[in-house]
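This report refers to the structure that appears directly beneath it.
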Amino acid sequence: MKDTVTQLLEAAIAALQADGVLPADQTFTPNVDNTRDKAHGDFATNIALATAKAAGKPPRQLAEALIDKLPASKAVQKVEIAGPGFINFFMSDASSFDIVRTIIESGENYGRNDNGQGESVQIEFVSANPTGPLHVGHGRGAAIGDCLARLLQANGYKVSREFYYNDAGAQIDNLALSVQARAQGKTPDDEGWPADGYRGDYIIDVAKAYLAGETVTADDREVTAKADAGDLDAIKAFAVAYLRREQDLDLKAFGVEFDVYFLESSLYSGGKVEETVRMLTDNGYTYEKEGATWLRTTEFGDDKDRVMRKTDGGYTYFLPDVAYHLDKWRRGYTTVINEQGADHHSTVTRVRAGLQALKTGIPQGWPEYVLHQMVLVTRSGEEVKLSKRAGSYVTLRDLIDEVGRDATRFFLAARRVDSQLTFDIDLARSQTNENPVYYIQYAHARICSVLRKLGAEGVQVDRQALAERLDGLALEEERDLANRLAQYPELIANAAAQREPHHVTHYLRDLAGQFHTYYNAHKVLVEDESIRDARVALCLAVQQVLVNGLSLIGVGAPEEM
RNA sequence: GCGCCCGUAGCUCAGCUGGAUAGAGCAACGGCCUUCUAAGCCGUGGGUCGUAGGUUCGAGUCCUACCGGGCGCGCCA
């Protein structure tokens, strides 16, 4: 409907250009906004204000000229000039309620578009190393990354979800030593416990399973324990598989699945690290200093050069990172989004600098980063810092077990990524209107209940037929609902383009609120069949949008509460 | 000290590429169930948008400086 207004304005602008009122050598793109205040109609444009200068006319006078040239349209009921020169559009009832038919006919496709035109996009997220259970921060990353993936899919992109992890570095050695120590019966405070060993209780589980000769199957590997506490390599392989499986189980419980698991070790075994070093060296961006090899990242905006090969001959983490991203580029992804915690912010400049130094035509701002800020967990107003299993942090599993998958996903996706998030366990657990998850789900359940009642009265719900029976809609609350529903596709396009999943949760909250208001003020199943059918159709449309929106954040839409 | 992020109602947060008197929920107070689920609805109060300048027809939104909080500043990932 906004498109209709935009087209009308474009026609008017063209007419004014033909008349010489507006310069013909410039392009004017009308900006059409949803109004905040209903007194301003359904849509408003500031085009007269924006072009007043170019036209050399006062905005209000220009607005009048524009209105004069607007083509006639059944969709528009009234047009007004307001304030300093805004043009307000009041849409006709019929055109406002037409969205209900569109939604019922489109079903789960309502809100989807083909902006992406099938382009392949890769999203890397979570990417936790297999050294322990996933923590809340990983949970936020999982919620945001997966929601972004679903949003992009809804916008016509082909999305690949990728999980990158290090299965071979110093941290993995440390993990193996920790498991070995537990297998030998040592505890973290004993003599001989590895320095910086992992102290969490989960290490005990790994050690027990190893000694018991268990076989573990993760999404990307399967390993049978050798049960020999002296074989560090065997322990390492088993511990990695064990913790990978545990992470997979947590992610599955969270409703998140990956298409690709990428191992840092494969970059070494496949010669990709060496190749990257050679390219950087050949391009003349490396130098030796103090026994190490450095990369001139300052050539590409970094504030100091970085070591890429340590004095001990090993590489710093950032070199495989560059090799990894070169690999992503060669896989053909022109759009790559990395979702990470903001504590890794410093790698952004470094990785991009390394990629520039390769001189392979990778664009400067590639890849994209979505960085989320820290998560603070509270209970009874107090910060929760520990979990029994992990020791030093709150795990994702703790939250899922305590507040459920739906609430956890919703809360972790509900805030802008660049602000810190306080996860209030009491609020997430509460089954009252304080809790937005239940509030939204309740709206859906109420609609289901109305439909059940209708069915119990012996009325068949024929969606297609109901979609044509909208004449009975006329109430103010109904128009408000229809207008809100009409905004959904734009929301989906915007949230995806801006990489801002939190808009979805806010929209659903608003939509549910408007529905509850309507539901309480007016009865759906009234005697007059014409009105009843129209209201049922509206309910079907609201239900559809609630389902579509909830599915984007991976939250269920229960039929009963 | 340098870099990035944040600062909007008592609390938790929205505010779409600058737009018309700044919004929502919770908390507080007062109402609404013989009617499709009260896990709901209606009403009332509550603000120098951290501070000071600047840009312009117009700034919560853009620029600069400062104040306050978080994160990062490793030959750790």
Side-chain angles (χ1 to χ4, degrees), chain A residues 31 33-37 39-40 44-46 49-50 52-53 58-59 82-86 88 127-129 131 165-166 169-171 196 264 290-294 303-304 306-318 320-321 341-349 371-374 376 381 414-422 424 427 430-439 441-443 445-454 456-457 487 490-491 494-495 497-498 500 502-503 505-507 509-510 513 515-526 535-536 539 560-561:
Chain A
N31 190 354
D33 286 324
N34 303 312
T35 55
R36 260 189 246 174
D37 188 339
H40 300 147
T45 181
N46 63 351
L49 290 156
K53 222 170 229 179
F86 293 103
N88 295 335
S127 292
N129 283 339
T131 55
Y165 69 94
N166 179 356
Q171 296 199 39
D196 306 319
E264 181 179 335
E290 296 161 2
T293 307
W294 297 66
D303 53 0
K304 51 183 157 186
R306 306 291 168 177
V307 169
M308 51 183 255
R309 190 187 340 237
K310 302 184 274 186
T311 47
D312 69 6
Y315 295 105
T316 58
Y317 71 89
F318 117 88
D321 265 6
D343 53 339
H344 289 237
H345 180 264
S346 57
T347 66
V348 176
T349 313
L371 303 174
H372 65 260
Q373 293 289 328
M374 304 292 98
L376 179 77
R415 300 282 180 251
R416 285 171 50 200
V417 298
D418 46 14
S419 69
Q420 293 169 48
L421 185 152
T422 304
D424 183 338
L427 178 61
S430 78
Q431 304 204 349
T432 67
N433 57 359
E434 295 169 42
N435 189 334
V437 184
Y438 288 97
Y439 185 86
Q441 291 181 327
Y442 184 43
R446 272 184 151 174
I447 294 170
C448 293
S449 175
V450 170
L451 296 175
R452 277 196 301 271
K453 177 104 193 279
L454 190 62
E457 288 173 7
Q487 288 166 11
E490 188 186 353
L491 169 98
N494 246 329
Q498 308 294 324
E500 290 178 343
H502 72 280
H503 292 303
T505 61
H506 284 274
Y507 173 87
R509 216 287 168 192
D510 289 343
F515 177 74
H516 285 307
T517 296
Y518 174 57
Y519 181 91
N520 274 276
H522 305 284
K523 195 168 161 133
V524 175
L525 303 179
V526 292
R535 291 182 179 179
V536 171
C539 285
E560 291 175 78
M561 297 299 280

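Protein chains get the first letters and strands the later ones, always in sequence-line order, with residue 1 at the start of each. Because the structure is predicted, anything quoted here is derived from the model rather than measured.
Counting any heavy atom pair closer than 4.0 Å across all strands shown, A/Thr422 reaches sugar-phosphate atoms only and no base atom. Across all strands, A/His372 comes closer than 4.0 Å to no nucleic acid atom at all (heavy-atom distances). Backbone-only contact: A/His503 has heavy atoms under 4.0 Å from sugar-phosphate atoms and none from a base. Across all strands shown, A/Tyr519 has heavy atoms under 4.0 Å from base atoms, whether or not it also approaches the sugar-phosphate. A/Glu560 comes within contact range of at least one nucleobase, with a heavy-atom separation under 4.0 Å.
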Produce the list of close N/O pairs, under 3.5 Å, pairing protein atoms with atoms of nucleotides 17-24 of chain B; give distances to one decimal.
{"from": "B/rU17", "atom 1": "O4", "to": "A/Asn31", "atom 2": "OD1", "distance (Å)": "2.9"}
{"from": "B/rG19", "atom 1": "N7", "to": "A/Asn46", "atom 2": "ND2", "distance (Å)": "2.7"}
{"from": "B/rA20", "atom 1": "N6", "to": "A/Asn88", "atom 2": "OD1", "distance (Å)": "2.6"}
{"from": "B/rA20", "atom 1": "N1", "to": "A/Asn88", "atom 2": "OD1", "distance (Å)": "3.2"}
{"from": "B/rA20", "atom 1": "N1", "to": "A/Asn88", "atom 2": "ND2", "distance (Å)": "3.2"}
{"from": "B/rU21", "atom 1": "O4", "to": "A/Asp37", "atom 2": "OD2", "distance (Å)": "2.4"}

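Distances from the side chain of A/Tyr439 to the nucleotides B/rA39, B/rC41, B/rC13 place B/rC41 closest. Comparing B/rA38, B/rG70, B/rC75 against the side chain of A/Arg446 picks out B/rA38 as the nearest. Distance from the side chain of A/Lys53 is smallest to B/rC57 among B/rC75, B/rU12, B/rC57. Distances from the side chain of A/Leu525 to the nucleotides B/rG15, B/rC36, B/rG72 place B/rC36 closest. The side chain of A/Lys523 has B/rC36 as its nearest neighbour among B/rC13, B/rC71, B/rC36.
Annotated stems with RNA chain B as a participant read B:1-7 with B:67-73, B:10-13 with B:23-26, B:28-32 with B:40-44, B:50-54 with B:62-66, given as range with range, by first number; only runs of 3 or more Watson-Crick or G-U pairs under 3.5 Å qualify.
No hydrogens or angles considered: a donor-acceptor pair under 3.5 Å links the side chains of A/His516 and A/Arg446.
A donor and an acceptor atom never sit less than 3.5 Å apart when one is taken from the side chain of A/Thr517 and the other from the base of B/rC41. A/Tyr317 contributes a side-chain N or O that forms a donor-acceptor pair with the base of B/rA77 under 3.5 Å.
Atom CG of A/Asp33 is surrounded by more than 12 heavy atoms from other residues, nucleotides or ligands within 6.0 Å.
Between the CZ atom of A/Arg415 and the C1' atom of B/rG15 there is a distance of 14 Å, given to the nearest Å. Distance, A/Asp424 CG to B/rA27 P: 12 Å, rounded to whole Å.
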inquiry  = Within the 4.0 Å limit for protein heavy atoms, which parts of nucleotides 1-6 of chain B are touched? Write it as a string from 5' to 3', B for base, S for sugar-phosphate only, - for none.
reply    = ---SSS

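Between the side chain of A/Asn129 and the main chain of A/Thr131, no donor-acceptor pair closer than 3.5 Å is present.
The residues A/Arg309 and A/Asp312 are annotated as not salt-bridged, no charged nitrogen and carboxylate oxygen being separated by less than 4.0 angstrom.
Spacing of P atoms, B/rU55 relative to B/rG23, comes out at 28 Å, to the nearest Å.
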